[in-house]
Protein chains: 2
Amino acid sequence: MKILIVEDEPKTGSYLRQGLGEAGYVVDLVDNGFDGLHQAESGEYDLVVLDVMLPGLDGWQVLQGLRRGHPHLAVLFLTARDQVEDRVKGLELGADDYLVKPFAFAELLARVRTLLRRGRAPSEPSVLRAADLEVDLLRRRVTRAGQRIELTAKEYALLELFLRRRGEVLPRSLIASSVWDMNFDSDTNVVDVAVRRLRLKIDNDFEPRLIQTVRGMGYVLDVPA
Amino acid sequence: MKILIVEDEPKTGSYLRQGLGEAGYVVDLVDNGFDGLHQAESGEYDLVVLDVMLPGLDGWQVLQGLRRGHPHLAVLFLTARDQVEDRVKGLELGADDYLVKPFAFAELLARVRTLLRRGRAPSEPSVLRAADLEVDLLRRRVTRAGQRIELTAKEYALLELFLRRRGEVLPRSLIASSVWDMNFDSDTNVVDVAVRRLRLKIDNDFEPRLIQTVRGMGYVLDVPA
DNA sequence: CCTCGACAATCAAAATCTTCATCGTCTCTC
DNA sequence: GAGAGACGATGAAGATTTTGATTGTCGAGG
């Protein structure tokens, strides 16, 4: 499997090359849009990892150029923290997946694997809903009854977990392990506190209440019957 | 490979059983010291995961009893957050490794694998040093010139990283990925700030300075020539 | 030798997370 | 249905972390 990395920042570039190399892929690295497009068009790659911010041609121009001749080449693009619109634009232009800097390498590797396994990914649905609550995964943006709601990192992680497993009762231990990456603790109530904070933001001023407590079991998010 | 879990807290116990089961081990679970010791003595297990806090016989008593007849059975014991002395005591009594609650399941699995692979683990050195700086990994305790120094979680993680790779220049990106589990970010100076905080605690009031800045490259911890 | 630009250090404010103690409420038992 | 005990909710303090702006410093090029 051969991967092309288009990334101008040297540190990031070499990190990616090394990491993916060690993961067993053949990796080429170029540091600008022109070379990126040119190389990618050679047809020898299975996947392109594309930074958006590039000197010369930027990421979208490369993507656009590429899609003309190679509609099926998998493209994973990297976007900066706040350039949220970028992601949307990127996907519209035909990228297959995106990743927001900073990200963990494990995350990147997981996506690369997915893309290579199933070829161009049918992008997963980008909005989760429950009643009038909406979570736009792309923009990391949450609204309820049309009202924008700001969440912190943990709150967002927690909400996403709830929504992805809507209707399931999630034990505290499961929540702890997903959101905090730690399990098996008895003497802490971080989960409770986090749920409370989340409730204050998404459930307090609205109806119906979505997050319910199941005594002795955990919490569920669902629209009450 | 067969594992015995001795854990009285039901949630933790079943979580462990399920997790290790899914990882491909045969698992038995008991919830008290008496049964734990009795079962373990049967000789059919390759590893015992032992909680310290137990009704009836506590973890150490089990361990002690066990070591009499089965000096080579691998034992991994679980200790609560602050009961630091427990760990020392545990290792002295012949446990092979320990884990502090709360911990990530991945962590547990890693240790279980290590123990099963190489049998009873030659416990790794438990103190790291550089000049008059000492880090006791078991107690998570840091001293410089004999003076106790309190570190936060991140500070400790950072220091441990530095010490484990003493003399190596660590690029910011590497530090970010190890301590924060995130890479590839340019527009943040968390690493710088963290290094500063650490320096304030371990380097500011002492000689020689251990953490050095290598311009354009990163940071090193070493005793200056 | 001086200046400029890149890189680091520093500082303080703001955001976030964790802990802890207390209070309320549910459930089981008698 | 009253009481006890477990479980969850709540509030607020405290600690930690992150962010952003500012200041300082090194090194290359003129």
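A, B, ... follow the sequence lines: proteins, then strands. Residue 1 opens every chain.
A/Arg172 is linked by a salt bridge (charged side-chain N to carboxylate O under 4.0 Å, His left out) to A/Asp192, counting only residues two or more places apart in sequence or in another chain. Every residue was checked against the salt bridge (charged side-chain N to carboxylate O under 4.0 Å, His left out) condition with B/Arg113, not counting sequence neighbours, and none meets it. Under the side chain to side chain donor-acceptor pair (under 3.5 Å) criterion, B/Arg199 pairs with B/Thr213, not counting sequence neighbours. Applying the side chain to side chain donor-acceptor pair (under 3.5 Å) criterion to A/Asp132, with sequence neighbours excluded, gives A/Arg144. Applying the side chain to side chain donor-acceptor pair (under 3.5 Å) rule to B/Asp205 yields no partners; only residues at least two apart in sequence or on another chain are considered. The side chain to side chain donor-acceptor pair (under 3.5 Å) check on B/Thr143 picks up nothing, with sequence neighbours excluded. Judged as a side chain to side chain contact (heavy atoms under 4.5 Å, CB included), and not counting sequence neighbours, B/Ala110 has no contacts.
Residue order along DNA chain C, read from the 5' end via each residue's closest nucleotide, puts B/Val193 first among B/Val193 and A/Ala194. Residue order along DNA chain C, read from the 5' end via each residue's closest nucleotide, puts B/Val195 first among B/Val195 and A/Ala153.
B/Leu151 places its CG atom 10 Å from the P atom of D/dT17, with the value rounded to the nearest Å. Put simply, CD on B/Glu150 is 12 Å from P on D/dA15, counting in whole angstrom units. We find that CG of B/Leu158 is positioned 15 Å from C1' of D/dT18, with the value rounded to whole Å. When rounded to the nearest whole Å, the span between CD of A/Glu155 and P of C/dA15 equals 13 Å. D/dG24 atom P lies 18 Å from atom CG of B/Asp192, rounded to whole Å. Taking atom NZ of B/Lys154 as the reference point, atom P of C/dC17 lies 11 Å away to the nearest angstrom.
Between A/Trp180 and C/dT18, a side-chain N or O to OP1/OP2 separation shorter than 4.0 Å is present. Between A/Thr152 and the phosphate of C/dA15, there is no side-chain N or O to OP1/OP2 separation shorter than 4.0 Å. OP1 and OP2 of C/dT18 both lie 4.0 Å or more from every side-chain N or O belonging to A/Thr188. In this structure, B/Arg172 reaches the C/dA8 phosphate: one of its side-chain N or O atoms is under 4.0 Å from OP1 or OP2. The side chain of A/Thr213 places no N or O atom within less than 4.0 Å of a non-bridging phosphate oxygen (OP1 or OP2) of D/dC7.
Non-hydrogen atoms lying under 4.0 Å from DNA chain D are contributed by B/Arg215, all within residues 214-224 of chain B. Of the residues in residues 196-211 of chain B, those with a non-hydrogen atom less than 4.0 angstrom from any atom of DNA chain C are B/Arg196, B/Arg199.
For residues 147-160 of chain B, every residue pair satisfying the salt bridge (charged side-chain N to carboxylate O under 4.0 Å, His left out) rule, not counting sequence neighbours, is listed here: B/Arg148-B/Glu150, B/Glu155-B/Arg197, B/Glu155-B/Lys201, B/Glu160-B/Arg164. Within the structure, salt bridge (charged side-chain N to carboxylate O under 4.0 Å, His left out) pairs that include any residue of residues 213-225 of chain B comprise B/Arg166-B/Asp222 (at least two apart or interchain).
Exactly one residue among B/Leu158, B/Leu170, B/Val191 makes a side chain to side chain contact (heavy atoms under 4.5 Å, CB included) with B/Tyr219. That residue is B/Val191.
A/Leu29 contributes atom CG, which lies 5.5 Å from atom CD1 of A/Ile5 (distance to the nearest 0.5 angstrom).
Each end of the helix from C/dC1-D/dG30 to C/dC30-D/dG1 gets its own axis, taken as the rotation carrying the C1' atoms of four end pairs onto the next four within a five-pair window, and the two axes meet at 20° to the nearest 10 degrees.
You'll find a donor-acceptor pair under 3.5 Å spanning the side chain of A/Asn189 and the base of D/dT10, going by distance alone.
For the pair B/Arg111 (side chain) and B/Tyr98 (backbone), a donor-acceptor distance under 3.5 Å is present.
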